[in-house]
Every structure is written in structure tokens, then in C-alpha cells.
Amino acid sequence: MAVLHKDTEVRSREILEKPKKKFSGIDEPFTVLVLLLLLIGLVCLYSASYVTALHKTGDSTAYIVKQLKFALAGVAVMFAASRFDYHKLHYLAIPMMVLSTALLASIKIVPAIWETRNQATRWINLGVSFQPSEITKFAFILFFASWATIQGTKKMKRFQYGILPFAICTGVTAIMLSWQPHLSATVTIAGIGAVIVFLGGASVFWFVLMGFGGAGLVWYYLQTHPYAWTRIQVWLDPFIDFRDKGWQGAQSLITIASGGIWGLGLGQGRQKHLYLPEPANDFIFSVICEELGFVGAAVILLLFAALILRGYYIASKAPDKFGTLLVAGIISQIAIQTIFNIGVVSGLLPVTGASLPFFSYGGTSLLMLLGEMGIVLAVSRRIPPDDKKK
Amino acid sequence: MQRKADSSMRKRLLLIAVVFGVLCFIVLAGKIFYLQVVKYEEYQQRAISQQTRDKVIPASRGTIYDRTMKPLAISADTEMVTIEASKIEDDSLIPVIAENLSAILELDYDEVLAKVEAKATYAVVKRSVEKDVADQVRAFCDAYDLDSVIYMVSDTTRYYPYGNFLSHTLGFVGTDNQGLYGLEARYDDELSGVDGRVIKAANSQGGEMPFDYEMYYEAQDGNSLILTVDEVIQHYLEKNLEMAYADNKVADHVTGIVMDVNTGAILAMANKPDFDLNSPFALTDEELQKQITALAEKKKVEESQLTDDDRKQARSDALTSKWLNSAVTYAYYPGSTFKILTASMALEEKLVSVNSTFYCPGYKQVDTWKISCWKRAGHGAETLVDAIKNSCNPAFMEIGATLGKSNFYKYFKAFGLNEKTGIDLPGESNGNIWAYDDMSVVDLAVASFGQNFEITPLQLITAVSAVANGGYLVTPHMVDSIIDADGNTVWSSETNVVRQVISQETSELMSDILEQVVSSGTGKNAYVAGYRVAGKTGTTEKIAKQNQTGRDDLRVSSFIAFAPADDPQIAVLILLDEPTVQPVTGGITVAPVIKRIMEDVLPYLEIEPVYTEEEQQKLDTTVPAMVGMTAAQARSAAQSAGLSVRTVGEGDVVTDQVPAYSATVSRSSTVVLYLGGEAPEETVVVPDLTGLSVSQVRSRLSALGLYYRSSGTEYGSAGLVARRQDVAADTEVAKGTVITVEFSDLSQRAE
């Protein structure tokens, strides 16, 4: 992994310096938005999951009860974390990165603890199953927020401080994630890292260059993998391979569109009856569109947008750079995952497994998400009162 | 001092916030809006169609009735075996199901297996399954607990109660009850109705959905057809065609049509040989062999060299030729029957009159051709009426020449002979004539007596009906009306007059002349006492086939007639394709058939006979009941019935009589009255009467103590000979039995 610079000692002291101003309370709008999304998410999850739950476990409440437990624990964690001095997270930057790398690498060392679902090996099961990639996301946030804060804007402008560590970390992680494989996590992690180093001051030139590089890679990939073209075609019109490769995409489009403006009503969705794959997980937003219509979908999109904008507002008001970058990283993670998920289900992006924050079924990831929300709140708590009013 | 985010970082943060928090969400919301609002209808359809399961409720196919509402084609209730193979949980059952179903339902194992393996939520295994077979399937389902996988649905099966009756015209249906042939095909849309459906919501595994979504569309039963065909007349026609087919040992086929000349309604239409509508795909070995021989000949190979495909071809050819409704599909040379039309044209154009005279030396020179009359010796000088009665070819070549090509062509078209008649039957052909510019003088000459161009029997009878009915060409039709399942009339036919071809005057004139053809001309054998039958004979060589086979004895003999001549009601056309019992001319082979049909049909249509005095004299009479009368009383009763009396015994009172009371015998027969005692019960052997003259028959029978009644021509001509007798020769019968004998004039050899 990346090696910290020699003058880290000096810089890290800056992060740990106690704030002199009084604390204000946690950011109320953000708290309300989080709780609102969580609540709506749980209701929707129940509606979206009961058919699958009944089909697979014989108990229609199996999924929602489990999720509810994690949600309650998650809210507790969130409020606990909001009282925590986020500066101390600086210490966790390197250990988290090491832990993340070790976990990702373990797929080649102890594959026995890994679990495969739907042809992807993304879960480690140690009694409780979780996705190591979730830890990687958080590790990236911590590491690059620390790194950018310590290096400072001027150094970050230079390639070897701004871009190189990001490129190396992302590259190595991407290779390890490709073993699972987990494209959406790769994109999210790269996105988070890119946002933080960009905010930290990395030169725009390199992003443009990387953009072209990425496009070139995609083009090369399509040239060398002819079957990839058919994936693109199926993405553009999933109905050409309705029964096979286009099934998920097509079913999602049918689900969303058949909701119309007003929807079929909460719980009244039909597509979740074993047509739509993963209605409680990757395709939960399709179920929402079918049941609540465009009106309901628009409200949820607005709530997400509000949460994201409020999050970036908190980032901009953070008492220090570390806080800014930490919050921006966390909010970007939510933003990228949300946009990615809804983009996939609505056919804007090719189908690849990506969950929707606050909505998708998955206890540990909800727990981590709410923990991260707690960190955002912890930062918001330290915004000086007069600053906050502006 | 901690460092807050600098302005550059804030700017970048703002950019990120705008992209992630605003722009991306606008794009997402836009796409969702596009799907849910703009494309809603399209996807809604897809959703409904995949979330629901259809089950078909078959509609009952309409009945086909004759015009007196006798059902000719009906749909009987049967069952349909369907399978919901997606519900099979244990795949090892798949071959078991396929094996049992194919065995019980007599289906191909692989076909059934494919249906089961497809694991679809709905597939029809077999339709039209009889109840006892369906019960076997049920038993199998019970044994393997497959009730939720295989189930029966009510279905209907086409059934033809009369078997071969009206077969070519009625046609038949396929395994899915779709009309394949004849009226069944032509009126398939009316008859088939609309299948009903049950649409039920179901999840992707075919299971029930918790929400309520079930729609039931009732099956709309098909409409029924009421034909113009009369079962009784059809029966008469078929009976007589069968007789003609056998009597004349016809090598190809016979066709008959009975048509209402005024409306174009087809009262009967038949061809022999025919087939059983209940098993239209059955072929006898003989029928198949005939096609195989023909195919081998055509390919110029030995039969053993024919491939499997050839044999399949032969089989399909055999079926197709068996199904052909020759009455509307078979184009042939009409021959002398066409003279009716040639004469009508010339009379209508006033180019000839009844009194025009012609001279027939036995041939006519046309261009470089010397075209003979059927009577090589020639007819000498004759009037138009004689020329028709004699069926004289040179006279008609002259009439044709007088008419000229353009008139001939004009009327040919006007009689509808260059186009289909428009009858409501599939597969009608439209004949074959020279293009106007290609028609030479020789062509015109032979066309005048019906040679070298082809029309269908239906075209001919339609054109001749126009001559009979006052000149109006009407469209022939099979269906009188269409009624719905509740019996309400939804459509009824109207007489469609295409055009007037000839005047009323010409029509009456022709009827009069054609009546003479039957009463005293070449059509004599078609004469029916009490009825004025008009008609014309025709005999033609099958030139094309003769050239092909090198034979010279292949003929089509025919007769077209209508009656009553003074008020034409029906027209009858009978055609024998390749009769082989000599002589084969229409006046001998077909005229008696026409006579028999007219004899049956005219009284059935309640057309009252009007006898001439001469006919009255010769009418058969009914033997009165005389037992118990005194001898004198009995004598006068017998006399008033036109019978002579011979007495046996000495008593005063009649104790027995021969023939028995109510027997129909020829007038001037002698009744034996027993005065005391009963008639002895003696038997005699019936002699072979064929070939004998009227007086010979009479004396032979009375010598044996048998009685006779005549059927058929018994007028004037010395050439009459017995052709049929109703009790076969060598049969032992009681004395006094009445033998019905049919006479024909065998001198009528006009072609």
C-alpha cells in the first residue's frame, strides 16, 4: 500500500488539534432525511421482500424482521458515532486500508470463508456475512481524506502526491475486486477516491487524461471481447434477448413502466411475484416505481437529492479540511451508489449488481451506512454555530 | 489553527454537489418519467401479457343444414387434453407421461415428449378426444397423481351424419376444427365462431397471484349455414349418379348438378366416386395404386423404382383428386350441349329464325379442314329446329359462321363463360378459351358445336339456366342463409342477376325447341310423361388425354335439361367422364339418368304433371280392391281402371285377385279374378328382358303370369329396347308380381 510521507507527524497534529469554538448540535435536516429515507426504505423493503421471503423461507416477514434489527442497531450506532470525535478516525486510516487489503486478498488464501451468490463471490461469512468491499469503501474514504489533508493543496496538485497514490490504490483494489467480481464496488471505490483527491487539489488535467484513458480501455476491451458488444446491445434493448441475458433488464423496465403515474399501490406490485429478480435487493427501486408510481419515485429521488446536497453542505461547512473530505467522501459514496443503482434499474446503465442505500436488503451494509451517517453527524456537530446559520 | 476548506476546495465541492446532487438526479428522474408516463401503455401490455395465463374455451362450430333444416354437418361435444407441464416437479415422470399419453391418444411419442419437455404453462396435447378415451387419460392422471398437470377441457368435434353425402361440396375440417375443404373452408369464418378465454393472473412459475385478476370471455359459438341444397333432391341425384357410374362402368368420374334456374340456388351437386367426410384422409389400396401407377407412367419408371417421396406424392395426389369438386373445378369440352348457347346467340341476333334452313351433306369444309357431322351420311335439308333436334354439326358450323367471331365472343362473355361463376365454393376454375385474336375460322366452326374449348359443368348449367329463365344470368350459390347460435338470421342470400344475356322471346323460343329435342329428338330418352322436359345431349372426345395415351375411345357424355319447358324451374346437368359401356353417347347413357332424376324431383317440388291424351292412355294404373265384389262389379271396377279381366272358377263372388290390390301395372294388363278358391301360390323365374322390344317384354312376362309396368320412353319409336328391370333376371318370384322395365331408344347416337 501507499507509504506516508515523512512529515506526516507534523500534519497529523493539525488534524488532532482541539477545536476552540463551541459545538453546535447535530445537523437536524440531515438527521431527518436519513431517518425518513430509512423509514421509507424499510416499508418498501417489506413490500418488496415478502414474496421472495415467502418463496424461499416460508415466512413472508423473514427479511424485514432481520433488516429491522440491523436498522435499530444502526440508528443506535449512528447516534453514538455522532458524539464521537471524528478526528480520531485519522488513526484508523492505515489500519483500515491494511484490513481491507487483507480481507480482499483472503479470497485467494482462504476461499472457504467466502460465499458465492448469483455467480459472484462477494461475501465473507463468519457467522455474520458481510461484503469486504463495504469496508474497502470506508477505508478509501478515511485514507484519502487523511492523505489529502496531510499533503495539502499544493502538493496534491503534483502527480506523485495527487494522482499516483490514488491510481495505485485503485488499481490494486480493482484487481482484487475483479476476483469476486464486483464491478459496481470498483466503480464506487474509484469514484470515492477520485472525488476526494479532486477536492484535495489534484490537477483537473489528470482527471481529463484518466477519462480518455478509461474510454480507451473500454474501447480496447470491446475490440478484443466480441461478446461484449452483445452485452451492450442487450443493455440498449434488453428485449432482444428477453428470455436470457436481457431478462433482468427487461423485467426491470416492465416493472418500472407498468407503475404509471400513480402506481399500483403499496404492496400491490405484481412483478415481484417471481418475475423481477432480486426485488428486495438490486431491483427494489423498480418495485417502488411499480407500486408508488412516478409520484412516489420522484419523492424518493428528491429525498436522496436533498440528503446528498445537505451532506455536501455539511462538508463545505466542516470545521476543518479533514471533516470536509470525510463527509464529502461518505456523501459521494451514497450518491454514486444511488445513481448507479437507479441508473441500472432504469436501463441507463448496463445491468450489474448494485444496491440502493437505505432500501436494499442487507444488514451489515445498512449498519455500516448508518455508522457513516453518524460520522457525518459528528462532523456537523462541530460546525461553529455562527457558521451554520449562514 | 485548524484549516478549513479553502475556496478552491469549496468550488470543487460545489461542482461535485451539482453533478451528483442535481444533474444526475435530473437525468434519472427524466428516464423514470419517460418509462412510467411516456412508455406506460407499451410496457403495461407486456406486463399484463406475462403476468396472466390464458386458457382457451373452444367455440362450438356452427351446423350446416340443408334447406329443410336437416343437419348435414354437426359438432359433437368431446374433450381436449391439455397439459401444464411447468407443474411437473419430478422430471423422471416426463417420459412416463409422454409414453402413456401417446399410447392412449394414439399420438406420436416424440411429438408428445416435445410438448411435455417444453415445460410450458399450457399446451394442447390432443383435441376432439371422445369421452371414453378422455376417461382413460383421467385414470392415468389419478394413478400418477397428475391431476394438476394434465386436465381436460370441453371441446367439439365435427361429425357428418350422412357420411359420403354431399361430400365434395360440404368439405371437411382439420384436427383443430379449421375448415379445410369445400363449404367448411369457404365459410370457415362464419362457422368457427370465436374461442373464449379465461385470463388469470399468475406468477412466473404459473402459480396463483394473491391479487384478484381474472377475466372470462365467453366462447362465441359459430354461425350455422342453411344451404340451398335439398337433402331429398341431393339424395335422388346421388342415387342416380351412383347407378349411372356403375351402369356405364365409368372410368373417371360422374358429376351432376341440380340448380334453380331462376335464383341460381344449387339444389343438389355431386360427383362420384366420393369419400366419407368422417374419414377424409382414408385411402383404399386401389385408389392409392391408381395414383402410383399414374406417377410411374408419368416418370417413365417401374413402380418399384419410385422413392418414398414419390409414394407420399402419390398419396397426396390421390387424396387431392378424390376431394376435387369436379362440378366446379373440372373444365371440359361441353360438346353439343353448347349448341343451346350457339342457337340462342344466333336467334337473339336475329341472324337465324326457327324457319331458317340448312343443308347437311355429312361434313362441312372450313378453310382447309373437312369437318364431319356425327352422322356421316348427312342430315340433308333441315330447319333450325331439326338441326338442334338432330344435333347436326355442319348446320351449327354455318350458324357459327353467320354469327361471326365478334358476336360469338360477345355472347360467350355475356354468358359468363370466360370468368368464374362466383359460386360460394373454393377452387372454382374458369374454363379455357382462345384469346380473341388467336381464334381462327376453324376454331369458330368447332366452337359452334362445343369443341376445343373448356368450361366447367357449373358454368354450363349457369349459362343454360339463363337461356331457360328468360335470359338472366344469375350467380349460382350454395348458402341460402346464415343463422347465429340463437337461430336469428344474420344473413340471407338474394338472387344476384349479373346481366340479361338474351331476350324473353329468345328464351321462350329456345325452351320450345329444346322441349322438342326431348319429345321427339336426340333427347328422347329423357322424356318424362306429364312433364315438359327441355334438354340437349352432348358427347365429346377427350382429345388431350387421347393424344397422350394413344387411345381413341375416351368420351365425356353429358346431358343438360330443364323443366317444365313452359315455366322452367330447375336445370339438371349430368356428365359421365369416360363411360366404357357402348354406345357412350349422351342421348343413351345420360338421358335416362336425367329422366329418372326429373321423375323424382319434379313431383317432390310439387310441380303438377299435365298429361296429354296419348299419355293418359299409356299411364300406369292402380289395381282396385275387388275381393268380395260380385263378378260383374269387379269387372266394371277393373275396366274403369283400364284393366282387362280373366276369371277363374265358377262362383259369383270374387275370392282372390292377382295382382293384389294397389299394385301399379301397365294399362291394358289383364287381372285374374278367382271366383271361389284362392290364387295358387306358384313361383316363376324372372327372365332377362334387356334388349327386348316393348311388345316382346309384354308377351314374355304375361306368358309367365307376371305383370309389367314401364318406366321411361314408350312412345312412337320402334327402336325402344328394355335396358333395366327392377327385379333381376333369374330371381324366383310369385306369379302376378309386377316387374318394372325401363326402355331406351338406342338409336339416339347423336354426339
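Since the model is a prediction, treat every value here as computed from it, not as a measurement. Just so you know, these numbers use all the heavy atoms, side chains as well, and skip hydrogens, waters and symmetry mates. Numbered from 1 within each chain, the chains take letters A, B, ... in sequence-line order.
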Next on the checklist: side-chain hydrogen bond (donor to acceptor under 3.5 Å, both in side chains), that's the test. Do A:Glu291 and A:Ser47 meet it? Break it down for me.
Outcome noted: CA-CA 9 Å; A:Glu291 300 193 346; A:Ser47 170; 2.5 Å; yes

Checklist entry - Are A:Phe359 and A:Phe304 close enough that their ring centers fall under 6.0 Å? => result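 Under 6.0 Å, so yes.
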
Checklist entry - Is it the side chain or the backbone of B:Val27 that comes within 4.5 Å of chain A heavy atoms, both, or neither? => result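 Contact with chain A: backbone and side chain both.
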
Checklist entry - Tell me, side chain or backbone of B:Leu15 under 4.5 Å from chain A's heavy atoms, or both, or neither? => result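 Only the side chain of B:Leu15 comes within 4.5 Å of chain A.
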
Checklist entry - For the residue pair B:Phe172 and B:Tyr181, does the interplanar ring angle fall in the parallel (under 30°), tilted (30 to 60°) or perpendicular (over 60°) class? => result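 Judged by the thresholds at 30° and 60°, the geometry between B:Phe172 and B:Tyr181 is parallel.
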
Next on the checklist: Rounded to the nearest 0.5 Å, what separates atom CH2 in A:Trp147 from atom CE in A:Met156?
Outcome noted: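 Between atom CH2 of A:Trp147 and atom CE of A:Met156 there are 8.0 Å.
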
Would you mind telling me which of [options] has the largest number of heavy-atom pairs within less than 4.5 Å of chain B?
options	answer
A:Leu309, A:Thr324, A:Leu199	A:Leu199
A:Thr255, A:Ile331, A:Ile342, A:Ile336	A:Ile342
A:Val345, A:Leu301, A:Ile308	A:Leu301

Item to check | Basic-acidic side-chain contact under 4.0 Å: B:Asp308, B:Lys312 | outcome: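 Here B:Asp308 does not pair with B:Lys312 in a salt bridge, since their nearest N and O are not under 4.0 Å apart.
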
Item to check | Which atoms of A:Ala297 approach chain B - backbone, side chain, both or neither, heavy atom under 4.5 Å | outcome: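 Answer is side chain: those atoms of A:Ala297 sit under 4.5 Å from chain B.
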
Item to check | Proximity breakdown for A:Ala335 and chain B, heavy-atom pairs closer than 4.5 Å | outcome: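 Side chain only.
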
Checklist entry - When B:Arg61 is tested against each of B:Asp188, B:Asp189, B:Asp77 for salt bridge (Lys or Arg N to Asp or Glu O under 4.0 Å), which residue passes? => result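 Of the listed residues B:Asp188, B:Asp189, B:Asp77, the salt bridge (Lys or Arg N to Asp or Glu O under 4.0 Å) partner of B:Arg61 is B:Asp188.
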
Next on the checklist: Does B:Arg12 qualify as a cation-pi partner of A:Phe198, given the criterion of NZ or CZ under 6.0 Å from the six-membered ring centre and within 45 degrees of its axis?
Outcome noted: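 Cation-pi check for B:Arg12 and A:Phe198: passes.
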
Next on the checklist: At a heavy-atom distance under 4.5 Å, which candidate from B:Val22, B:Val37, B:Leu14, B:Ile32 has the highest pair count against chain A?
Outcome noted: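 Top option by heavy-atom pairs under 4.5 Å: B:Ile32.
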
Next on the checklist: Looking only at heavy atoms and a cut-off of under 4.5 Å, which of B:Ala47, B:Gly21, B:Cys24 has the most pairs with chain A?
Outcome noted: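 Winner by heavy-atom pair count: B:Gly21.
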
